[in-house]
Protein chains: 2
Amino acid sequence: MTTTAARRERQRTQLIDAAEKAIAERGLAGLKARELAQEIGCALGAIYNLVADMDELVLRVGSRTLARLDAALSAAEGEDAPACADTAADRLVAVALAYCAFARENLQLWRILFEHRMAEGAVVPDWAVSEQMTLFRHILEPLSVLLPDRAEAERMLMSRTLFSAVHGVVAIGLEQKLIAVPHRDLDRQIEGLVRLICRGLTAPA
Amino acid sequence: MTTTAARRERQRTQLIDAAEKAIAERGLAGLKARELAQEIGCALGAIYNLVADMDELVLRVGSRTLARLDAALSAAEGEDAPACADTAADRLVAVALAYCAFARENLQLWRILFEHRMAEGAVVPDWAVSEQMTLFRHILEPLSVLLPDRAEAERMLMSRTLFSAVHGVVAIGLEQKLIAVPHRDLDRQIEGLVRLICRGLTAPA
DNA sequence: GACTATCTTGAACGACGTTCACAAAATTCG
DNA sequence: CGAATTTTGTGAACGTCGTTCAAGATAGTC
């Protein structure tokens, strides 16, 4: 027989599943407490036994998305041979393209990672912050191969910059408010940017 | 005596003023129809004689923000002497730093330029789209000086990429969800990125 | 000044997240 | 096992939101 705690944990998972599906299909605005309750077969108020509020639910969905993104980037950088100076730029390009592909295929879920704001003065939990940090590691490793002479702090900062720059191209490129960019063009744009930055990094001062 | 149309136009301006103030101070979530009605001294329903819905209001505020941003970038690039190959990179840096400064000083208003989503399948009006395009011109001009040999289309694409990259660094840097970046560091990060890209652009293939 | 068209009003509507008194169920203990 | 007690589930109700609309106030026209 299932204990109460186990059933609750199962229901919590169902709830996050349903929330993830709702956001993926209809965006953050499509996330409705009443729909979720009906979907997982519980009363409206019971949701608040599983999560504190909708913000926490969005945060948990974001956590999943971040984990899948991390896996996708790992897969992209793991394809080639291990550390090699010649292919460092290629690996950075592969990671950037994987980031773009993930964003495109998980558009709504990817967006809330950056656009979701907590209600009022609520603080983002520590685990959510530290999760985001791990993303930079996919860039830091190839970058360390590319720039073995730079200080660790400098490479860390450069990772952040590189990630942000690629993120910006992806974010603006996938924004339908501006004129839509075709897939191929966006990919080329990203590869061009990464190679450009790599060339700048290794060019003589 | 003031005609009806003139009074309406005046009220519409008051409404946008009030909406702009509300968003600047308390974010998009702080924009409430009832508060606006009280602020400009009209009935709740009267708002819908001035704008179709809240989406249009947000769009109009965004239009103002875009105009102010355009002016800020113009001021930044106009300080130096006119077209000169030596200072092209400096001008691009100046524009990027001005963009960052504007975003920082108008954080909430700047955000809705990118984060606001229209309700359902509503289409963004043409004027809102074309407004955004004019932003790239601040980058296209110095870039044309820097890369006189490239085709126009290529430079246009490069402008878009450069803008997006800087935008990404600013967006991630000002995101308080991640660890806050100090002003000075962010400025340095941006200058570094722009110079890096310029170096990559002018470096031998 | 009377007639018509237009605008203004605020109560009402439906939808939302959240709460809460109460009922049901599970757990504890004699 | 059954009674007492704690925990959990329930859905109606609350407050707030954007939006609508019948009715009253106002402006425009001859």
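Each chain gets a letter, A, B and so on, in the order its sequence line appears, and its residues count up from 1.
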Starting at [atom1] of [X] and ending at [atom2] of [N], how long is that distance when rounded to a whole Å?
{"X": "B:Arg12", "N": "C:dC7", "atom1": "CZ", "atom2": "P", "value": "12 Å"}
{"X": "A:Arg10", "N": "D:dT8", "atom1": "CZ", "atom2": "P", "value": "16 Å"}
{"X": "B:Gln11", "N": "C:dC7", "atom1": "CD", "atom2": "P", "value": "12 Å"}
{"X": "B:Asn49", "N": "D:dT26", "atom1": "CG", "atom2": "P", "value": "16 Å"}
{"X": "A:Asp55", "N": "C:dT18", "atom1": "CG", "atom2": "P", "value": "7 Å"}
{"X": "B:Ile47", "N": "C:dT9", "atom1": "CD1", "atom2": "P", "value": "11 Å"}
{"X": "B:Leu57", "N": "D:dG18", "atom1": "CG", "atom2": "C1'", "value": "12 Å"}
{"X": "A:Arg7", "N": "C:dA25", "atom1": "CZ", "atom2": "P", "value": "11 Å"}

By a strict heavy-atom criterion of less than 4.0 Å, which residues belonging to residues 23-46 of chain A are in contact with DNA chain C? A:Leu31, A:Lys32, A:Ala33, A:Arg34, A:Leu44, A:Gly45

Choose from D:dG18, C:dC7, C:dT18 the nucleotide whose nearest atom is closest to any side-chain atom of A:Asp53.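 Among the listed nucleotides, the one closest to the side chain of A:Asp53 is C:dT18.
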
Between C:dT8, D:dG9, D:dG18, which nucleotide gets closest to the side-chain atoms of B:Tyr48?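 Out of C:dT8, D:dG9, D:dG18, the nucleotide with an atom closest to B:Tyr48's side chain is D:dG18.
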
For the CG atom of A:Leu193 and the CZ atom of B:Arg160, what is their distance to the nearest 0.5 Å?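 Output value for this atom pair is 13.5 Å.
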
Just wondering, are more than 12 heavy atoms of other shown residues or ligands nearer than 6.0 Å to CD in A:Gln38? no

Do the side chains of A:Arg60 and A:Glu20 get close enough for a salt bridge, i.e. N-O under 4.0 angstrom?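 The answer is no: the pair does not qualify as a salt bridge.
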
Hey, can you tell me if A:Trp110 and A:Tyr99 have their rings parallel, tilted or perpendicular (30° and 60° cut-offs)?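 Perpendicular, since the angle between the ring planes exceeds 60°.
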
Which residue, B:Asp185, B:Leu186, B:Asp187, forms the side chain to side chain contact (heavy atoms under 4.5 Å, CB included) with B:Gln189? B:Leu186

Return all side-chain donor-acceptor pairs below 3.5 angstrom for residues 11-18 of chain A, not counting sequence neighbours, or 'none' if the list is empty.
residue	atom	partner	partner atom	Å
A:Arg12	NE	A:Glu9	OE2	3.2
A:Arg12	NH1	A:Leu50	O	2.4
A:Arg12	NH2	A:Glu9	OE1	3.3
A:Thr13	OG1	A:Glu9	O	3.0
A:Asp17	OD1	A:Arg64	NH1	2.7
A:Asp17	OD1	A:Arg64	NH2	2.9

